[in-house]
Amino acid sequence: MPYLGSEDVVKELKKALCNPHIQADRLRYRNVIQRVIRMPKLDQWGQAEVLNFLLRYEPRSEEELFDILNLLDSFLKSSSPGVVMGATKLFLILAKKFPHVQTDVLVQVKGPLLAACSSESRELCFAALCHVRQILHSLPGHFSSHYKKFFCSYSEPHYIKLQKVEVLCELVNDENVQQVLEELRGYCTDVSADFAQAAIFAIGGIARTYTDQCVQILTELLGLRQEHITTVVVQTFRDLVWLCPQCTEAVCQALPGCEENIQDSEGKQALIWLLGVHGERIPNAPYVLEDFVENVKSETFPAVTMELLTALLRLFLSRPAECQDTLGRLLHYCIEEEKNMAVRDRGLFYYRLLLAGIDEVKQILCSPKSDPSLGLLEDQAERPVNSWASDFNTLVPVYGKARWATISKYQGAERRGPELPDTASFATSGPLIPEENKERVQELPDSGALVLVPNCQLTAEYFEKTWFSLKVAHQQVFPWRGAVHPDTLQMALQVVNIQTIAMSRAGAHPWKAYLSAQDDTGCLFLTELLLESENSEMQISVKQNEPRTETLNSFISVLETVFGTIGDIKS
Amino acid sequence: MISQFFILSSKGDPLIYKDFRGDSGGRDVAELFYRKLTGLPGDESPVVMHHDDRHFIHIRHSGLYLVATTSENISPFSLLELLSRLATLLGDYCGSLGEGTISRNVALVYELLDEVLDYGYVQTTSTEMLRNFIQTEAVVSKPFSLFDLSSVGLFGAETQQSKVAPSSAASRPVLSSRSDQSQKNEVFLDVVERLSVLIASNGSLLKVDVQGEIRLKSFLPSGSEMRIGLTEEFCVGKSELRGYGPGIRVDEVSFHSSVLLEEFESHRILRLQPPQGELTVMRYQLSDDLPSPLPFRLFPSVQWDRGSGRLQVYLKLRCDLPPKSQALNVRLHLPLPRGVISLSQELSGPEQKAELGDGALHWDLPRVQGGSQLSGLFQMDVPGLPGPSGQGPSTTTPPLGLGPASLSFELPRHTCSGLQVRFLRLAFRPCGNANPHKWVRHLSHSDAYVIRI
């Protein structure tokens with residue numbers, strides 16, 4: 001038992017937390033909790049423990065909640081960082097229904113966090129930086145005016161500099177973008193190649209919003225003709241062109257000349273991809289690719305050769321005269337002499353494709369050149385504070401979400417964590433649904449009316465028979481923009497346990513789909529979706545085999561949520 | 001909470017190992033930690049590492065690794081605070097924290113750990129409570145002689161009365177239970193400021209940041225009350241105004257929990273009853289608005305002849321401190337482009353030294369008087385140096401790799417924010433021995449003073 005003070009204090013705590021009689025009696029429990037909070041003369045370790053215990057407490061009324069918050073207010077100003085962070089976490093969790101209280105608390109904790117970021121202790125600085133990043137996910141403008149505190153200092157260890165660069169990338173706004181970019185530009189010429197590359201990637205991140213300035217800076221960096229800089233800049237350009245097609249022109253003007261300075265696999269791949277996809281606008285693209293083909297025998301990275309094949313074939317489609325000869329030589333080499341089977345297979349495939357005709361080639365290789373909506377999917381949309389509040393002040397932000405997932409999977413194998421009884425269990429749905437959308441779809445009316453059973457398979461015949469035997473219970477029109485992506489829709493519906501019996505192909509006019517779902521009482525919901533050629537609204541018709549309005553309404557709201565989510569992805 | 005705690009030397013030799021929960025599974029956890037630390041990829045942080053089913057958290061202090069392991073997902077701030085506090089405690093008990101002192105005092109360290117942590121839970125880190133339980137004496141190496149002064153060590157180098165206190169105070173154990181007569185009644189108060197500055201290549205000031213601490217090391221018996229008076233015109237925050245004139249301002253202030261603040265509002269007096277040992281009384285920070293000019297200004301000029309590979313760097317360093325002050329141990333560190341062959345130098349003063357090392361130029365100036373200007377001309381041969389294209393053969397644009405200059409220095413008796421301790425008064429103790437000695441010192445030093453070329 002942690003040492004929290006005198007014997008009676010320990011007794012009180014034990015009483016509150018272990019005695020089921022007290023826990024059953026709301027009033028007594030509450031009194032004990034209040035006494036615990038008011039315990040005098042706790043040292044910082046005792047305070048941290050108390051704050052930890054209180055995480056388990058659920059206040060019964062709003063009044064009680066604000067009572068507790070008022071009592072604990074002084075902990076937020078403590079001089080011990082452990083206590084301040086513990087209090088912050090408690091506030092965030094207790095006030096989960098009051099976002100303005102959460103924002104207030106985060107404003108109050110700004111000071112201590114910034115002080116910790118400039119602390120002499122590097123380890124404390126690192127932990128604070130990780131938490132700053134966590135907060136920035138929800139409140140991107142929170143630290144924007146304090147950007148100067150996150151400038152890297154010469155003597156700091158590498159891991160702190162990396163975190164600071166990430167923070168700088170995330171707190172950029174209109175007022176500070178100029179200074180932040182200048183600072184990052186300074187880092188790009190740093191002696192340490194790793195750090196310079198991280199800074200360049202950060203500029204690439206900012207470029208999604210402030211494209212012009214960043215492209216200019218990146219172009220200047222190309223002029224330095226440094227290997228480690230050029231390769232990362234070209235990779236950044238490749239990513240940027242995909243997400244922000246408006247900068248393609250500027251990028252194409254900057255590219256000529258960098259092929260001399262790239263030696264590593266990633267950089268070469270990026271350059272070759274750019275030349276292949278946008279080669280029409282780059283005058284000497286075929287000749288650069290020809291250089292690569294000349295040296296293909298000594299190419300050590302098979303990935304580069306594969307990229308070269310694809311790029312050259314693409315360029316051949318737009319500039320046939322200049323590429324024909326080179327393409328022939330490359331294909332000959334890959335099919336006859338190349339030892340790596342993957343490369344050879346690709347070469348063979350392209351050869352046969354060419355034999356099949358130029359139209360076939362165009363169909364397969366002319367993919368979209370950019371996908372701005374991918375940027376929206378990838379960007380961490382502002383997450384609500386409640387999604388990470390329980391991770392605050394734990395080791396999770398310090399590791400980062402990705403690493404923590406691998407760690408907890410490992411730990412979960414040894415110790416079975418509590419399995420949540422799922423109302424709508426989700427299969428690990430495909431990559432098309434990003435995490436936050438999955439969470440939103442998850443927050444369906446969970447308690448109460450509707451519980452959809454997974455894996456209820458209806459045969460098509462049964463569906464058709466039932467469909468014709470029932471009358472339409474509900475008809476509704478849902479506003480819809482653009483075409484339907486059937487795969488996305490199907491995945492999204494699967495997440496909420498609505499099965500797709502049949503669905504038209506994308507782009508069919510009119511577009512139709514038939515869905516079925518079953519709830520735990522055996523009530524069937526059959527749905528028809530119809531999208532006319534005008535593409536502005538989706539007609540939904542729902543049939544239910546047992547007349548129950550409540551469950552019907554819940555089902556309709558489930559459908560609406562799914563459509564709303566899908567609509568957001570596209571827009 | 002904590003499963004194991006151990007201390008490793010800088011080479012990974014275990015000095016102390018304590019297992020609180022016995023769940024190491026028979027493995028050598030210290031060995032695991034060190035191997036993981038040295039084998040970590042460059043972009044992962046070593047502060048918190050994971051292996052098998054446990055987390056390793058450590059801090060580096062005086063060249064030692066203090067490591068705690070845990071298998072639960074606990075607060076990193078609490079854990080790091082605990083490790084720092086343990087480092088301070090061990091320093092208080094053994095005199096200073098280092099490989100030698102730990103090896104000499106192994107029994108004391110284990111006794112301390114026994115009292116501080118029980119089954120991995122923190123019981124107390126307060127020196128008051130611990131004093132009642134710790135029996136072992138600290139073993140000290142032979143005391144320093146008066147001639148052995150190190151001005152970098154805190155607590156007891158030069159003082160305002162220009163009397164030199166014995167610097168053995170820095171390494172003397174505070175909390176020994178030897179009889180009171182042999183213990184001197186002394187208290188040391190240090191106002192230490194760290195200055196971080198970033199100056200752009202066109203001379204404009206990009207960032208300035210001062211982090212200050214008032215640190216107390218008390219050899220007095222616990223419970224003696226003391227009052228510390230700070231400058232009266234000292235304001236907190238941007239909007240407060242006290243006294244006449246611009247005053248001395250800091251942005252934020254935070255105090256140790258044991259400091260009583262009733263008289264702070266009115267007279268800027270802090271009252272406390274400090275335990276024996278080290279304590280940080282007050283922390284403050286100030287950004288962007290220093291009342292005094294920056295201590296150093298650098299005026300570089302670069303001449304680079306690309307044809308012959310000759311690089312000439314002329315550095316003029318101007319010290320803007322008041323004429324009576326001086327800066328000590330000034331060192332300018334200038335990274336140079338790769339492939340520098342030779343260096344010739346002309347320095348403006350005899351005691352300066354410049355040398356090439358680690359791909360950088362080090363220019364040492366042991367003592368710089370306020371208001372003075374020092375210059376150095378450095379010529380190097382750098383054949384085959386790449387640089388921005390489109391420039392003529394001879395240019396003043398600095399080549400790639402001529403990095404930002406960083407200065408490190410100390411400013412004794414000077415605080416950048418202007419904050420001063422007016423007085424330190426101790427309550428009179430009737431059974432006290434000879435008058436206790438009070439040493440107050442103000443010191444600023446550079447944290448990261450970077451000037452871009």
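These numbers were taken from a predicted model, which means no experiment stands behind them. A, B, ... follow the sequence lines: proteins, then strands. Residue 1 opens every chain.
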Pick one of side chain, backbone, both or neither for [X], based on which atoms fall under 4.5 Å of a heavy atom in chain B.
| X | value |
| --- | --- |
| A:L395 | both |
| A:A128 | both |
| A:V84 | neither |
| A:S78 | neither |
| A:S80 | both |

Original post:
Looking only at heavy atoms, what is the nearest atom pair of A:V83 and A:A48, with distance?
Top reply: CG2-N, 4.3 Å
Flag the one option from [options] with the top tally of heavy-atom pairs under 4.5 Å to chain B.
| options | answer |
| --- | --- |
| A:Y399, A:F126, A:F151 | A:Y399 |
| A:Q44, A:E120, A:E182, A:K89 | A:E120 |
| A:R122, A:E220, A:E183 | A:E183 |
| A:S118, A:A127, A:P157, A:A198 | A:S118 |

Against chain A, label [X] side chain, backbone, both or neither, depending on which of its atoms sit under 4.5 Å from a heavy atom there.
| X | value |
| --- | --- |
| B:L82 | both |
| B:F255 | backbone |
| B:I59 | both |
| B:S45 | both |
| B:L79 | neither |
| B:H333 | side chain |
| B:E252 | side chain |
| B:S196 | neither |
| B:D251 | neither |
| B:R452 | side chain |

Original post:
When only pairs under 4.5 Å are counted, which of B:A448, B:S75, B:S78 shares the most heavy-atom pairs with chain A?
Top reply: B:S75
Subject >> Partner chain A: residue of B:E81, B:R85, B:R60, B:H61 with the largest heavy-atom pair count (under 4.5 Å) >> reply: B:E81
Subject >> Distance (rounded to the nearest 0.5 Å) between B:L83 CG and B:Y65 OH >> reply: 14.5 Å
Original post:
What distance separates B:S406 OG from B:L332 CG, expressed to the nearest 0.5 Å?
Top reply: 7.0 Å
Any side-chain heavy atom of [X] sitting closer than 4.5 Å to one from [Y]?
| X | Y | answer |
| --- | --- | --- |
| A:L129 | A:F150 | yes |
| A:L72 | A:L54 | yes |
| B:L205 | B:I199 | yes |
| B:R283 | B:Q211 | no |
| B:M49 | B:L40 | yes |

Original post:
Between the side chains of A:Y159 and A:Q163, does any donor sit under 3.5 Å from an acceptor?
Top reply: no
Original post:
Are A:D194 and A:S192 close enough, and set up right, to give a side-chain hydrogen bond (donor to acceptor under 3.5 Å, both in side chains), and what steps lead you there?
Top reply: CA-CA 6 Å; A:D194 280 333; A:S192 148; 5.3 Å; no
**OP:** For A:Q179, enumerate each residue passing the side chain to side chain donor-acceptor pair (under 3.5 Å) test, keeping only those at least two apart in sequence or located in another chain.
**Re:** A:Y147
**OP:** With sequence neighbours left out, write down each residue that passes side chain to side chain donor-acceptor pair (under 3.5 Å) with A:E175, or none if nothing qualifies.
**Re:** none
Subject >> N-O pairing of A:K148 and B:D209 below 4.0 Å >> reply: no
